[in-house]
Amino acid sequence: MRVRFAPSPTGRFHIGGARTALYNYLLAQQTGGQFILRIEDTDRKRFDPSAEQELASSLRWLGLDWDEGPDKGGPYGPYRQSERADIYLKYINILLEKGLAYYCFCSPERLARVRHQQQKLKKPPRYDDHCRDLSPIDAKERVNAGESYVVRFKTPKQGKTTAVDLLRGPITVDNSTLDDYILLKSNGLPVYHLAAMVDDHLMKITHVLRGSEWLPTFPLHVLIYQAFGWEQPTWVHLSVFLNPSGKGKLSKRFAIDPKSGARSVYVLDLKQTGYLPEAVNNWIALMGWSYDDHTEIFSMDELIEKFSLEKLNPSPAAVNYSKLDHFDGIYIRSLQLDDLTHRILPFFKSAGLPVDETTLSRITPLIQERIRTLEDAVEIAGFFFNETVEPDPEQLIGKNMTAADSAQAARQASEVIASLPGFENDAVEKSLRNLADEMKIKAGQLFGVLRIAITGQRVSPPLIESMQIIGKDEVLHRIEQAVAILNRQI
RNA sequence: GCCCCCAUCGUCUAGUGGCCCAGGACGUGGCCCUCUCAAGGCCAAAACCGGGGUUCGAGUCCCCGUGGGGGCACCA
């Protein structure tokens, strides 16, 4: 099985493309076939020089490595369409010679005018066949004379064309609803319809998995294959991703905004936000594909083993970021501690914290089940690397307590801790609980005051364990600081 | 406007004529656990778009509506 992922480098790489790439990759791995990366850069106007880079690093991050591609080469290169112009010309000429394509000299202005009128008359905008029946000899002369031209496909006027999609079955359309599509632009480069068909054939692609936005021109593609007399690949059109609301195609304007729950659609943004590639793969794999009625967690190896085209779902799917969070939490909790430590380390660094791996490795077990993304680790545990804490005076006052109560509780806690011979977890916890009993307050109230005093946060990793990492002296110092702050409020 | 595709809980989905008074997951609500927050456990609410057929029997097949999505470029 030979499959390909053929994006056009016109913008950032998003999860829709990632899913298409993933499915292609899975098929190749599963069958021991090849996964080809082809860059469809025939549109020089929309070309974005940074796009191919981002695409490559996104795919690598996800672990979707390709067997043949622009950087790797392979037996059917080059793998960048802009470098294959002469190949396309050869096939355009074949069509021209067969009388299945023709030169068209209409100016873009004329075409726009024609289109405009048709729309005004509420007729489908289509080419008006102005050049369709020009004599090939005359046309060739005009070409030789240097006149600007394009080449159009001579779509049959009569009959029907049936295109077979693996998920949807046969799709039959009247040829009269099809246009005489442009195959070769006036700049000498082909459009997708020609380039992709020629490449898929030459690169011996056996299964084409692509977005369902190609469904309307699918019959044209079949017609092109037929015009060349080539055997068609198996066609599979993947459903589109919809916005989380379910309204409209996934828009690329989602910003990273944790408050509103919005996330970016871009793979690299997901990486930067602290999602695990394992989670992202698992998440996108399940949008449009399922294995059975209950299995949801799939490692890459399991996906390779269990993926099947037959279980693909043709209906559009709204993306659900909270499910991504869920998967990410699961994968984070399943990580070995040292692995997790290494993964969260860069996030502390980029937050500008003076993190050291030894300390961080003691923190990791405390936060592993509390974070949904790697970035969350900084939020919950960043305070460990701050020299000082600045507790909010208001928050320092315990639940159902006055400032005086809280100050007293803190002072006594400080004394109890100071009097301890060591600083072991059990001893600290036991003595603090005893203190709470003696003071006739709940342990939770005492812990609450101390939590703010020591971590500066209302939400933190477990208090006693956190104290161990901060150290006895600093803990006592922070409690004293809190007492002082509380005293000012009495 | 024309063409094409799709249609099960809010969302992702299972379901290929009887196993379905429709299963799982996320999310939501409640309870338990609990030093906060999580995690974990238990429970709950929540769907076959509508109408016609076909059939002994339809979520499952067919038709028509409706709704949603996509496309209609010298973009892919």
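A, B, ... follow the sequence lines: proteins, then strands. Residue 1 opens every chain. Everything numeric in this text was worked out from a predicted model, so none of it was measured.
For B:C49 and B:C75, the C1' atoms lie 35 Å apart once the distance is rounded to whole Å. For B:G50 and B:A7, the P atoms lie 15 Å apart once the distance is rounded to whole Å. The separation of B:A47 from B:G24, taken at their P atoms, amounts to 14 Å, rounded to a whole angstrom. For the C1' atom pair drawn from B:U66 and B:U55, the interatomic distance equals 26 Å after rounding to whole Å. Between the P atoms of B:U8 and B:A14, the separation comes to 10 Å (whole Å). Nucleotides B:G30 and B:C37 place their P atoms 14 Å apart, quoted to the nearest Å. Taking the C1' atom of each, B:C63 and B:A58 are spaced 15 Å apart, rounded to whole Å.
With sequence neighbours left out, A:T10 forms a side-chain hydrogen bond (donor to acceptor under 3.5 Å, both in side chains) with A:S8. Judged as a ring pair (Phe, Tyr, Trp, His ring centres under 6.0 Å), and not counting sequence neighbours, A:H14 has no contacts. Under the salt bridge (charged side-chain N to carboxylate O under 4.0 Å, His left out) criterion, A:D339 pairs with A:R343, sequence neighbours left out. Residues satisfying the side-chain hydrogen bond (donor to acceptor under 3.5 Å, both in side chains) test with A:D292, not counting sequence neighbours, are A:T295.
Across all strands shown, B:C48 has no partner, as no Watson-Crick or G-U wobble contact with both distances under 3.5 Å is found. B:G27: no Watson-Crick or G-U partner with both key distances under 3.5 Å is found in any strand. Of all nucleotides present, only B:G71 satisfies the Watson-Crick or G-U wobble test against B:C2, with each distance under 3.5 Å. Checking B:G18 for Watson-Crick or G-U wobble geometry (two distances, each under 3.5 Å) identifies B:C56 as its partner. Of the nucleotides present, B:U66 is the one that pairs with B:A7 by Watson-Crick or G-U wobble criteria, both distances under 3.5 Å.
Crowding of A:E302 atom CD: a count of heavy atoms from other residues, nucleotides or ligands under 6.0 Å exceeding 12. In the displayed structure, A:Y291 atom OH is contacted under 6.0 Å by at most 12 heavy atoms of other residues, nucleotides or ligands. Environment of CD in A:Q412: crowded, with over 12 heavy atoms of neighbouring residues, nucleotides or ligands closer than 6.0 Å.
Residue whose closest nucleotide on RNA chain B sits further toward the 5' end, between A:T177 and A:W289: A:T177.
Side chains of A:I15 and A:L250 form a contact here, defined as non-hydrogen atoms less than 4.5 Å apart. Residues A:Q226 and A:L223 have side chains in contact (heavy-atom distance under 4.5 Å, counting atoms from C-beta outward). Residues A:F327 and A:L276 form no side-chain contact, since every pair of their non-hydrogen atoms from C-beta on lies 4.5 Å or further apart. Residues A:L55 and A:F5 form a side-chain contact, since some pair of their non-hydrogen atoms from C-beta on lies under 4.5 Å apart. Taking the side chain as every heavy atom from C-beta outward, A:L286 and A:K323 never approach each other to under 4.5 Å. Taking 4.5 Å as the limit, every side-chain heavy atom of A:F298 sits out of range of all side-chain heavy atoms of A:E305.
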Between protein and nucleotides 40-46 of chain B, what N or O pairs are separated by less than 3.5 Å?
from	atom 1	to	atom 2	distance (Å)
B:G40	OP1	A:R333	NH1	3.3

Pick out the pairs of N or O atoms, protein on one side and nucleotides 61-63 of chain B on the other, that lie under 3.5 Å.
none

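Of the side-chain N and O atoms in A:N313, one or more sit less than 4.0 angstrom from OP1 or OP2 of B:A14. For A:K123 and B:C3, the shortest distance from a side-chain N or O to OP1 or OP2 is not below 4.0 Å.
At a threshold of 4.0 angstrom between heavy atoms, the contacts of A:K120 with the nucleic acid are absent. In this structure, A:G288 reaches the sugar-phosphate backbone alone: every heavy-atom distance under 4.0 Å involves primed, P, OP1 or OP2 atoms, never a base. Among the atoms of the strands shown, only primed sugar atoms or phosphate atoms (P, OP1, OP2) are found under 4.0 Å from some heavy atom of A:V173. In this structure, A:A443 reaches neither bases nor backbone, as no heavy-atom distance under 4.0 Å exists between it and the strands shown.
Between A:H221 and A:H193, the ring planes are tilted. Angles from 30° to 60° get that label.
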Per-nt protein contacts along nucleotides 23-30 of chain B (heavy atom under 4.0 Å; B base, S backbone sugar-phosphate only, - none) come out as BBBBS---
Protein heavy-atom contacts under 4.0 Å, written 5' to 3' over nucleotides 66-76 of chain B as B (base), S (sugar-phosphate only) or - (none), form the string --SSBSBSBBB
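Atom-to-atom, NZ of A:K160 to C1' of B:C3 comes out at 13 Å; the value is rounded to the nearest Å. For the pair A:D325 CG and B:C12 P, the interatomic distance rounds to 17 Å; values are reported in whole Å. One can place CZ of A:R168 at 21 Å from P of B:U16, the figure rounded to the nearest angstrom.
For the residue pair A:K185 and A:T42, the shortest heavy atom distance occurs at NZ-O, 2.9 Å.
A ring pair (Phe, Tyr, Trp, His ring centres under 6.0 Å) check over residues 431-464 of chain A, counting only residues at least two apart or in different chains, returns nothing. Applying the salt bridge (Lys or Arg N to Asp or Glu O under 4.0 Å) test to residues at least two apart or on different chains, the pairs with a partner in residues 431-455 of chain A are A:E429-A:R433. Pairs engaging residues 145-166 of chain A under the ring pair (Phe, Tyr, Trp, His ring centres under 6.0 Å) rule: A:Y103-A:Y149 [sequence neighbours left out].
Applying a 4.0 Å cut-off to non-hydrogen atoms, the residues of residues 448-469 of chain A that approach RNA chain B are A:R451, A:R458, A:V459, A:S460, A:P461, A:P462, A:L463, A:E465, listed by residue number.
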